[in-house]
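Worksheet: one structure, shown below.
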There are 2 protein chains.
Amino acid sequence: MTALPNRDRRAERREATRLEILDAAWQIARRDGLAAVTLREVGAIVGMRPPSLYSHFESKNAIYDGMFAQAWAGARVALSKVEPDPKQPRRSLLVGAETFFDFSVADVARYQLMSQAVLPNFEPSPEAYAESQGAYGRMVALMHQVGVRRSADLDLWTALIAGAISQQLANDFGGTRWRQQLPRLVDMFADAVGLPGPKLRRTR
Amino acid sequence: MTALPNRDRRAERREATRLEILDAAWQIARRDGLAAVTLREVGAIVGMRPPSLYSHFESKNAIYDGMFAQAWAGARVALSKVEPDPKQPRRSLLVGAETFFDFSVADVARYQLMSQAVLPNFEPSPEAYAESQGAYGRMVALMHQVGVRRSADLDLWTALIAGAISQQLANDFGGTRWRQQLPRLVDMFADAVGLPGPKLRRTR
DNA sequence: GTCTATATTCTGATAGAC
DNA sequence: GTCTATCAGAATATAGAC
């Protein structure tokens, strides 16, 4: 009787290569934009000829798909680190907002892949889309714990955060002009949905 | 003595061709995305061989530049039609918000060119950038007339509108899920900056 | 101002040897 | 699983005739 090994070294190696390829694609995307990712350059970075990449991804869009899933998985992890305190709903909202804001502006290409349709031919697979839903679910859970439950209120919240991020990236890239408005946005939102607690900032 | 003609028919014809080319580029951008615009296809639409386009635009980016200027000129015109009533500041803000929101979601490609960096190699010329500043100036003038003057308040306002547009395009394309939140956004904003007037919507 | 011809380079993807 | 060879095509841009 031969004991089966409890680790599949071949599968591990394969997965490591997949991650290397995705990492190379991220490098290019961060440097020259999402659309600049080419199999040629990905291959050059990982030390492969372009056709060899097809042993690991069935198409270029499959690479984008893997990146999409990674991006939202990262957002979910970041949001999971936020520990809301129901006794301090406004503080908790601010921490959640800052967490997602900082995660987003840290990598424009990643944010564009996650939330903007900059790649006309790309649509996430069901598996990748599920990752985005997982991250959204984390955010919803966080909001529930501080007392925000109505879906219209959640929509309002996502719009506030998306707007701050969008403006920061478009009109003050690398700065803090909109990031520093987050406490005010949280107060506005908290007042609008009836959350208790002291204001984070003085009124005017 | 020979009277000079008071119309330069040649210049008019030239300008008309320029507009035809830009129009063709818009058609492609709307159908397949901004990055899908190629000289080949633009030429096919206007009935020219690709090299002939260089008689009217010095490069492909010059075409994007013309589109950028047109887009912001259109936004300025749309905003100019808004007539704010200082006695009804909230109503006025709502009309302004709806105007820019509708203009934006009516053409995703146009919005991406105006406000998102989806073309890595494109940067607007000073002339085109001035168009965007003109539209922003119209918005600022509108806000001034209803009593919003602090620059931090203007930043807050642009973030709210950008957020609603961004979410509408990303998560409910073609729908009204975020558009119908505009009255609430206006109330939130008006309360935060101390504008008088009755709420547009009941509180909850 | 438009054309033909061409330069140069790049693209994603497939076939088949090793 | 990686390679070479290749496909089939597209890209922007320039030169020079008409």
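Values below: every heavy atom of this structure, side chains too, minus hydrogens, waters and symmetry copies. Chain identifiers are assigned alphabetically (A, B, ...) following the order of the sequence lines, protein sequences preceding nucleic acid strands; residue numbering begins at 1 within each chain.
- Counting any heavy atom pair closer than 4.0 Å across all strands shown, A/Val37 reaches sugar-phosphate atoms only and no base atom.
- Across the protein-nucleic acid pair, A/Leu39 atom CG and D/dT2 atom C1' stand 15 Å apart, rounded to whole Å.
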Any chance you could lay out the salt bridge (charged side-chain N to carboxylate O under 4.0 Å, His left out) test for A/Arg90 and A/Asp187, step after step, and finish with the verdict?
CA-CA 7 Å; A/Arg90 291 176 189 232; A/Asp187 276 331; 3.0 Å; yes
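- Mapping A/Gly47 and B/Lys60 onto DNA chain D by nearest heavy atom places A/Gly47 closer to the 5' end of the strand.
- Rounding to whole angstrom units, CZ of residue A/Phe122 and P of C/dG12 are separated by 15 Å.
- Rounded to whole angstrom, the span from the CG atom of B/Asn121 across to the P atom of D/dA13 amounts to 10 Å.
- Across all strands shown, A/Thr38 has heavy atoms under 4.0 Å from sugar-phosphate atoms exclusively, and none from any base.
- Mapping A/Asn61 and B/Arg49 onto DNA chain C by nearest heavy atom places B/Arg49 at the nucleotide closer to the 5' end.
- Atom OH in A/Tyr54 sits about 19 Å away from atom P in D/dA5, given to the nearest Å.
- One atom, CG of B/Leu53, and another, P of D/dA13, lie 11 Å apart when rounded to the nearest Å.
- Cation-pi geometry between B/Arg110 and B/Phe103 is met: the NZ or CZ atom falls under 6.0 Å from the ring centre, inside 45° of the normal.
- Note: NE2 (A/His56) to C1' (D/dT2) measures 8 Å, nearest angstrom.
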Intermediate values then yes/no, salt bridge (charged side-chain N to carboxylate O under 4.0 Å, His left out), A/Arg10 and A/Glu15
CA-CA 9 Å; A/Arg10 190 166 300 161; A/Glu15 180 60 14; over 6 Å; no
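- Atom CD of A/Gln27 has more than 12 heavy atoms from other residues, nucleotides or ligands within 6.0 Å.
- For B/Glu41 and D/dA10, the CD to P distance is 10 Å, given to the nearest whole Å.
- For the pair B/Arg40 and D/dA11, the criterion of a side-chain N or O lying under 4.0 Å from OP1 or OP2 is met.
- Residue B/Ser59 is in sugar-phosphate contact alone, with no base atom involved, counting any heavy-atom pair closer than 4.0 Å across all strands shown.
- The interatomic distance linking A/Glu58 (CD) with C/dA13 (P) rounds to 9 Å, in whole Å.
- Both B/Ser52 and A/Pro51 lie close to DNA chain C; mapped to their nearest nucleotides by heavy-atom distance, the more 5′-ward contact belongs to B/Ser52.
- The aromatic rings of A/Phe100 and A/Trp72 sit parallel to each other, their planes meeting at less than 30°, with 60° as the upper class boundary.
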